Structures are given as structure tokens and as C-alpha cells.
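Data first, discussion second: the structure below is written as C-alpha cells.
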Amino acid sequence: RLRTSVASRLEGWVDGLTVRAEGDIVRRGQRLYTIYAPDLISAQKDLLMSLSIGNERRIASVKQRLKSRGMQDSLIDRVIETRELIERVPVYAESAGTVTEMNVRDGDYLKPGTPLMTLQSYDQVWVIASVPESDLPKIELGMQANLSFDSAPNSTGLGTVDYIYPTLEARTRTADVRLTLDNPDGVLRPGAYADIAFILQDPVASDATLSVPTQAVLRDSRGSHVILAAGEGRFISRNVSVGRSEAGRTEILAGLTEGETIVSS
């Protein structure tokens, strides 16, 4: 949502380009370039003439013409205040970001609508989680999650579920879930991998839920089972029905009762 396309609203020749390459940082209000636009010069002359004769209706009309052709309000006010023509009109950035696409060079001739550059702010990023089909009913909008990144170990943060995609990936049987995460220091980079732990309202490890260490649950063609300590050094396999897993614990829906001893690892 923080991506901005910068397009020309003027017709003329680019001069004094201050942004040169992808990766350049642009601040809000920074001068991007100047443009020599004959139509704007003509309209400015009309404005100065209207000011000299004091025709308010004509002044308002010419100001609107300048604005519709892409001259920013601050520059129109400057012409009115100084009564001086701006031959090479500066164009200022209306938003901040990093240049991710660059399509203009000094000397280019622009027409209205010509795409110049794309700015992307990374103050907030999206993280796309692949959630197994069986876990999807537990995910809700607004749910929070803890995130950690191998590429930025000091940036562990808290994300919020922003959107649950309406389709499943047929091959992996997963659905995409989008989280938003603040990135004020800019260390989170597009393409990085994240480990995500969703924070459930009713945690698996709560006193009201029977759970075992996740690594104690064995899975094979027969399903899920655990190894039960039968006493006197004997052990038996017990089939269990499992629920959700979180923070190293797996919920047991059936097959065990509280107090039984199992092999945890």
C-alpha cells in the first residue's frame, strides 16, 4: 500500500534531475527535477498580466489552468508573491520512499501521463504466511503473531493478520495469510524468510487443554501415536487423535488421559 507511481503532469523537457538510479532515497517535498514547459510559461505570463490589471475572475481562471497542467500550488503562490516568471519549473515529491523503478533521464521530453519512477516505502512490510489447510479455521483477522527473521535476527517483532486469501494451493494444501509488520529501521528486506508463531486466544499449553510435547507425537501410515510408559521398563505404543500445535506443544483430543507418562523425546 506504500507504493507510489510518479508520472509527469506537464509537457516539456526534463532538466536538473536529482534522482539518478534505483535505490535512491526520496524525501517528501524533495525536488525531483525541473522542467522547461512552454505552456506553463505562457500561462504564467497570463497570470502576471491578470495580476497587473487586478482582474480577480481572470486570476482565478489562470490559477486553475496552471494547476490543471501540473504546476504545484506552492509555485503558483510564489509567482503571485514575487511577480516573477518561473522559466524552469521545479517538481517536488509528494511522497517519500525508495526508488524501485527509474524511467527518466535528463533531456527527456515528457508528455502528461509519462511514467517517471516508482517509489516504495518500507516503513511497513507485508509477510505472507503459508498456513496448512487444517490450521486455517484458527486464523482470524486482527490476530497477532510473533515473527523472527534469519536475515535480521535483532528485528523480532509483532505482526497482525491483515488478510486471509480466499483460495488454497492445491499442491501444498496451504493458504496464504498476509500479516503487516512495522519496519521503522528498514532491516526487513523483500524476499526474506520468516518464522511465524500465531498467538491463539486459547493457547495449547493452557491448563484447560491436554497437551504433550510436539516431538513426542510420532506419525506413520497408522496415524499419530505416542510411546506410553507401562512400568517396570516396559513401553507400548498408543494411538492418539491430535489437534493443533503451538509453541512446542500439541493438543491431544483422544487416546490419553491426564497423569499418564509418555516418552517425551
Side-chain angles (χ1 to χ4, degrees), residues 1-7 19 22-30 93-103 113 115-206 208-209 211 214 217 219 224 241-251 253:
R1 293 192 179 96
L2 303 181
R3 178 179 297 171
T4 304
S5 293
V6 181
V19 180
E22 294 181 6
D24 286 355
I25 305 298
V26 173
R27 303 180 309 277
R28 182 180 177 89
Q30 173 184 333
E94 297 181 355
S95 60
T98 301
V99 177
T100 57
E101 188 175 347
M102 189 75 185
N103 304 312
L116 307 180
M117 64 189 76
T118 300
L119 302 179
Q120 175 68 57
S121 172
Y122 295 106
D123 290 342
Q124 188 182 73
V125 296
W126 284 349
V127 180
I128 308 299
S130 295
V131 177
E133 182 180 8
S134 59
D135 288 337
L136 201 57
K138 310 178 186 77
I139 307 299
E140 299 176 352
L141 292 177
M143 176 183 287
Q144 293 186 316
N146 291 312
L147 295 97
S148 60
F149 301 83
D150 288 341
S151 60
N154 297 323
S155 67
T156 301
L158 196 64
T160 303
V161 175
D162 176 66
Y163 181 65
I164 301 172
Y165 288 80
T167 58
L168 284 171
E169 169 59 47
R171 184 177 58 84
T172 62
R173 307 310 302 170
T174 61
D176 284 345
V177 173
R178 188 175 73 204
L179 300 97
T180 57
L181 180 67
D182 290 334
N183 183 34
D185 49 8
V187 298
L188 303 180
R189 303 175 184 275
Y193 282 101
D195 288 325
I196 304 172
F198 290 97
I199 301 173
L200 302 179
Q201 296 299 318
D202 179 21
V204 169
S206 69
T209 303
S211 66
T214 296
V217 180
R219 293 177 173 86
S224 299
S241 176
V242 299
R244 54 192 172 158
S245 297
E246 180 197 4
R249 304 287 297 185
T250 294
E251 182 182 21
L253 302 177

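The analysis underlying the following values was restricted to heavy atoms, covering all of them including side chains, and did not include hydrogens, waters or symmetry mates. Remember, predicted model here, so these are calculated numbers, not experimental data.
- Side-chain contact annotation: Thr100 with Thr118, donor-acceptor N/O pair under 3.5 Å absent.
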Given the rule in the side chain to side chain donor-acceptor pair (under 3.5 Å) test, do Thr4 and Ser95 qualify, once you have shown the distances and angles that lead to the verdict? CA-CA 7 Å; Thr4 304; Ser95 60; 3.3 Å; yes
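- Shown here for Glu251 and Thr209, the closest heavy-atom pair between the two residues is CG-CG2, 3.6 Å.
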Please evaluate residues Ile128 and Tyr165 with respect to the criterion side-chain contact (heavy atoms from CB on, under 4.5 Å), reporting the C-alpha separation (whole Å), side-chain torsions for both, the decisive distance (0.1 Å), and the verdict. CA-CA 10 Å; Ile128 308 299; Tyr165 288 80; 3.9 Å; yes
Please determine whether side-chain contact (heavy atoms from CB on, under 4.5 Å) holds for the pair Leu253 and Val242, giving the CA-CA distance in whole Å, both sets of side-chain angles, and the decisive distance to 0.1 Å. CA-CA 5 Å; Leu253 302 177; Val242 299; over 6 Å; no
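- One finds the OG1 atom of Thr98 at 8.5 Å from the CG atom of Leu119 (value rounded to the nearest 0.5 Å).
- Using a 4.5 Å heavy-atom threshold, the side chains of Ile164 and Leu136 count as touching.
- Put simply, OG1 on Thr160 and CG on Leu141 are 11.0 Å apart, with the number rounded to the nearest 0.5 Å.
- Here the side chain of Ser224 pairs no donor or acceptor atom with the backbone of Arg219 at under 3.5 angstrom.
- Shown here for Leu179 and Gly159, the closest heavy-atom pair between the two residues is CD2-C, 4.3 Å.
- Heavy-atom contacts from other residues, nucleotides or ligands closer than 6.0 Å to CZ of Arg173 number more than 12.
- The CG atom of Asp195 sits 9.0 Å away from the CZ atom of Phe149 when rounded to the nearest 0.5 Å.
- In terms of heavy-atom proximity, Leu181 sits nearest to Leu158 at CD1-O, 3.1 Å.
- In this structure, CD on Glu101 lies 10.5 Å from CE on Met117, to the nearest 0.5 angstrom.
- When every heavy atom of Arg1 is checked against every heavy atom of Arg178, the shortest pair comes out as NH2-NH2, 3.3 Å.
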Using the rule given for side-chain contact (heavy atoms from CB on, under 4.5 Å), can you reason through Ile199 versus Met143, listing the C-alpha separation, both sets of side-chain angles and the distance that settles it, and then say yes or no? CA-CA 7 Å; Ile199 301 173; Met143 176 183 287; 5.6 Å; no
Check: residues 182-194 side-chain donor-acceptor pairs under 3.5 Å, at least two apart:
residue, atom, partner, partner atom, Å
Asp182, OD1, Gln124, NE2, 3.4
Asn183, OD1, Gly186, N, 3.4
Asn183, OD1, Val187, N, 3.3
Asn183, OD1, Leu188, N, 3.2
Asn183, ND2, Tyr122, O, 2.9
Asn183, ND2, Leu188, O, 3.4

Take Thr174 and Thr172 through the side chain to side chain donor-acceptor pair (under 3.5 Å) test and state the conclusion after the steps. CA-CA 5 Å; Thr174 61; Thr172 62; 2.8 Å; yes
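- Pairing each heavy atom of Ile196 with each of Ala145, the nearest pair is CG2-CB, 3.8 Å.
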Go through the steps for Val131 and Phe198 under the test side-chain contact (heavy atoms from CB on, under 4.5 Å), then give the verdict. CA-CA 10 Å; Val131 177; Phe198 290 97; 4.0 Å; yes
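- Val26 and Gln30 make their closest contact through CA-OE1, 3.5 Å (heavy atoms, listed as atom of the first residue, atom of the second, distance).
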